[in-house]
Amino acid sequence: MNIAAYSTWVEIDLNAIQNNIRLISRVSGRPVMAVVKGNAYGHGMVEVARSALAAGATWCAVARIEEALQLREAGVNCPLLVLGYTAPVMAVDAARHNIRLTVYEMDITRQYARIVSAAGLTLKVHVKVDTGMSRLGLLPVQVADFITQISSERGLQIEGLFTHFARADQPQEPYTDFQIEQFSELVSRLEKEGIRPPVVHAANSAGSLRYPAAGFDLVRGGIAIYGLHPSDDAPLTNEFMPALSWKTRLVSIKTIPAGQGVSYCHRYRAKTAEKIGVIPVGYADGLRRVLGNKMLISEQFVPVLGSVCMDQCMISLENIPEAKLGDEVVIIGTQGHAARTAEQLGAEWGTINYEVTCGIAHRVPRVFIGL
Ligand SMILES: *Cc1c(COP(=O)(O)O)cnc(C)c1O
């Protein structure tokens with residue numbers, strides 16, 4: 001199907017993804033692990049993974065084993081790491097598809113070992129270290145023992161060691177340096193003991209672009225591969241290109257009488273006779289049901305009137321005399337000289353760009369352009 005068939009759709013510029021992968025690789029001077037969890041932050045996991053690999057990324061990472069298996073099913077055969085928890089019952093599937101799992105609890109790790117060795121398989125694992133995120137991970141002091149103990153388990157191959165930054169996207173502050181120091185000391189200690197895993201990694205996008213000392217053996221690029229800013233305090237250079245646009249079209253135009261309310265509960269009411277448009281995008285698509293949404297039509301910002309419905313909402317066409325049926329309406333992206341960014345939408349919704357693009361519903365078709 002082409003775009004003409006859709007009510008609302010997302011366009012992903014795969015050229016932008018490739019451009020951004022090359023930039024991260026150039027700036028960090030390291031191989032890039034493309035982080036494509038969460039349907040590639042809403043961009044379409046399989047296509048983004050393929051493009052990233054074609055542009056030189058050497059690894060992919062996801063959050064869940066289901067995502068990893070989906071990539072394998074689509075024929076993506078690169079080294080692939082699951083960053084989050086994996087249920088022991090899935091360890092055989094992981095081993096069979098050469099998917100690397102993250103380990104951080106002895107009990108779960110031993111279950112993996114028992115299950116995969118019983119199946120005559122070997123599972124590659126990456127040991128997660130908590131240097132200050134307080135999410136998954138062993139404390140640095142526990143790591144050497146942990147590695148020594150699991151080395152004697154049949155069925156496991158310790159391939160990697162990694163940590164994750166909590167504050168790399170904040171204005172220069174010492175905490176990331178502290179995390180890097182903790183992690184570097186640990187890596188040196190493991191080296192001395194002859195138990196340093198071959199693939200050591202730490203940096204997320206902000207870390208890879210702002211902290212040269214965080215490079216280690218590879219960098220994990222997430223938000224920056226999509227051309228989205230890690231934060232206001234850690235903006236990308238303008239060489240990066242945002243890959244995602246979210247669009248819909250005008251499907252009805254009319255003038256409602258003065259005093260008539262708009263949408264459920266009439267949270268907006270026309271003061272005079274008012275020209276409005278209906279667009280087929282709603283909260284089931286990920287457009288938040290808050291007052292004050294804005295969209296681009298004819299290169300101008302117009303307000304959404306009243307409540308966003310599940311599948312539709314209404315916009316003001318008072319200042320758009322030229323509006324006609326079928327006109328493109330932009331929720332995120334550019335229209336002529338006007339631009340609406342995921343960052344702006346995030347700020348207005350009281351959240352971050354990550355949550356905005358991850359929140360675009362699965363039912364919204366992704367259309368891939370640019371290659
Ligand atoms: C999501 C994630 C990343 C990518 O982070 P960005 O800020 O999007 O670059 C890297 N590492 C881990 C462990 C993650 O969970």
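Reckoned from all heavy atoms, side chains included, excluding hydrogens, waters and symmetry mates. Just follow the structure's listing: the first ligand is 1, and inside any ligand the first atom is 1.
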K.L.:
If you measure from each non-hydrogen atom of I223 to ligand 1, which part falls under 4.0 Å: side chain, backbone, both or neither?
P.N.:
both
K.L.:
If you have a sec, work out which protein heavy atom is nearest atom 11 (N) of ligand 1 and how many Å separate them, to one decimal?
P.N.:
R220 NE, 2.8 Å
K.L.:
Any idea which atoms of ligand 1 are less than 4.0 Å away from a heavy-atom of Y354?
P.N.:
6 (P), 7 (O), 8 (O)
K.L.:
Run the salt-bridge test on R196 and D217 with the 4.0 Å N-O cut-off and return the result as yes or no.
P.N.:
yes
K.L.:
Within a distance under 4.0 Å of any heavy atom of Y41, pick out the atoms of ligand 1 and give their elements.
P.N.:
1 (C), 4 (C), 5 (O), 6 (P), 8 (O)
K.L.:
Any idea which atoms of ligand 1 are less than 4.0 Å away from a heavy-atom of S205?
P.N.:
6 (P), 9 (O)
K.L.:
Heavy atoms only: which of K37, H201, H164 is nearest to atom 13 (C) of ligand 1?
P.N.:
H164
K.L.:
Hey, mind stepping through R100 and E159 against salt bridge (Lys or Arg N to Asp or Glu O under 4.0 Å) and telling me if it holds?
P.N.:
CA-CA 8 Å; R100 285 70 163 174; E159 180 186 49; 2.8 Å; yes
K.L.:
Tell me, please, which residues at least two apart from R110 pass side chain to side chain donor-acceptor pair (under 3.5 Å).
P.N.:
Q149, E153
K.L.:
Please confirm whether G222 comes within less than 3.5 Å of ligand 1 when only nitrogen or oxygen atoms on both sides are compared.
P.N.:
yes
K.L.:
Decide, yes or no, whether a salt bridge links E11 with K247 under the criterion of side-chain N to carboxylate O below 4.0 Å.
P.N.:
yes
K.L.:
Under 4.0 Å from ligand 1, counting heavy atoms only, is it the side chain of R135, its backbone, both or neither?
P.N.:
side chain
K.L.:
Checking side-chain hydrogen bond (donor to acceptor under 3.5 Å, both in side chains) for the pair E343/N353: CA distance, chi angles, key distance, verdict?
P.N.:
CA-CA 5 Å; E343 287 78 15; N353 51 3; 2.8 Å; yes
K.L.:
Are R340 and E348 ion-paired here, with the side-chain N under 4.0 Å from a carboxylate O?
P.N.:
yes
